[in-house]
Visitor: 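Okay, handing you the structure first.
The first residue of the sequence shown is numbered 1, and numbering continues consecutively from there. Atoms within a ligand are numbered from 1 in the order they appear, just like the ligands themselves. Remember, it's a predicted structure, so these values are computed and weren't measured experimentally.
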Amino acid sequence: MQAEKEDEDEASPEEYVALSDFTGGGSDQRSFSSGDRLLVHSKPSAEWWWATLQGVPGYVPASYLRLVTAEEEEEEDISLEDPWQDEEYFGSYGTLRLHLEMLSDKSRTETYRQVILSNSASLRNKAVMDLGCGTGIISLFCAQLAQPSVVYAVEASSMADYTRQLVKQNGCEEVVTVLQGRAEEIELPEQVDVLVSEWMGNCLLFEFMVESVLQARDRCLRDGGIMWPSSAALTLVPCQADSYYTEKMAFWERPYGLDFTPLQPLAQQEFFTKPKFSHLIEPEDCLTAPCDVICLDMYTLQVRDLEEMKGQFHFCVEKSGVFHGFTAWFTVHFESLEEGGAAVELNTGPNSEPTHWKQTLFMLDRPVSVYAGDSISGSIVLHRNPVWRRHMTVTLQWNINSSTEDTDNCQANLFMSLYT
Ligand SMILES: N=C(N)NC/C=C/[C@H]1O[C@@H](n2cnc3c(N)ncnc32)[C@H](O)[C@@H]1O
């Protein structure tokens, strides 16, 4: 054993990069964020290694780490220079795939059309900024359905060239001016009266385009100007997800008459430790009434507030069922330009028309039976990734207080997931 120990001491530690966030469970586990560089000193098992991060030691899950090779070291340093990954991000918006998906989302696009239509009279002679206009659909709605004095359609990707053609093709070049560039850097000829943008990502904030909207608000929106959306809310609900659980976990119980259950810990690690985007929850999957856990006022929200946003929740179980996880979605509101006018709402939850965002499912490590009268209370924390600025970690903590069993079956689960 001594020789082995000496070998370990002699072998210089290897550098690994974290592929995703990890929040340690026990005191001897070392938490880290995606992109962190860890030094692995020993590998006592295939699953858990002994490593240090900024000199602090602890056990880390091997599956979260990737060896940094010499050439990657070179390349990674270059990529680390762009924490916003803008080349990749705006590159993706330079192609039609994402724009087709957004334009095909009738609920989303018709809502913005409704906002312009219902504020048509008030938009007369107003200056509008459409931040991240993409193909320019919102700007074209403004020019077609109202008479603003000008619409500045700002788009950072190469799509802007086509957007100019679409503006011309639809006879809107008198009103709509397409400006190619990042909204944070664009100099508008004037302050605008209305800042409209479709910035919402999965779980409301993923992509963190909202930061660009806040910076544009502070630079380009005149005092008393209108933000569309005016407010946003992230909503959460405990839910059943039996079909997903069956598909990813129960499957291993008896495939083709064989017992594959030893693979279930791997399945839990691979499928249930990250959120499932584009999940479609049915209303009957909800175990309780939903709760708005984070509410954003687009007039007062500050960029620094985006680093960490917290919400509390307390759910009362209305019907007995299996608690597989939490589902999240968002709602945004567009206040009327007219005093006392009705606001327009875009709700991406299970009781509204499905949107391209669908909902986001966070699976528990293992399902739990809950009964009418039980309560599920805890907190959610959205923690923006300190390295990769378009990413965040969602951490959910909760307890179940059961009314049926006399023992207080508190189950404190620390559950986290990273947006890849
Ligand atoms: N709703 C979501 N998630 N994305 C749909 C909206 C994304 C569009 O906004 C553009 N965009 C994003 N951030 C900026 C920025 N800072 N300046 C200029 N254009 C920008 C992208 O290139 C897409 O065309």
Visitor: Report the residues that fulfil salt bridge (charged side-chain N to carboxylate O under 4.0 Å, His left out) with E190, sequence neighbours left out, ordered by chain and then residue number.
Guide: none
Visitor: Could you name the protein residues that come within less than 4.0 Å of ligand 1, counting only heavy atoms, and order them by chain and residue number?
Guide: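 Around ligand 1, where the cutoff is 4.0 Å for heavy atoms, the contacting residues are Y89, F90, Y93, H99, M102, G132, G134, E155, A156, S157, G181, R182, A183, E184, E198, W199, M200, G201, E207, M209, S212.
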Visitor: Does the side chain of T395 pick up a donor-acceptor pair with the side chain of Q397 at under 3.5 Å?
Guide: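 Result is no, nothing qualifies.
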Visitor: side-chain hydrogen bond (donor to acceptor under 3.5 Å, both in side chains) with Y93: which residues, sequence neighbours excluded?
Guide: E207
Visitor: Check whether any side-chain heavy atom of I376 sits under 4.5 Å from a side-chain heavy atom of F326, and report yes or no.
Guide: yes
Visitor: Is the gap between the ring centers of F206 and H391 under 6.0 Å?
Guide: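 They qualify: ring centres under 6.0 Å apart.
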Visitor: I'd like to check the salt bridge (charged side-chain N to carboxylate O under 4.0 Å, His left out) partners of K310; sequence neighbours left out, ordered by chain and number.
Guide: E308
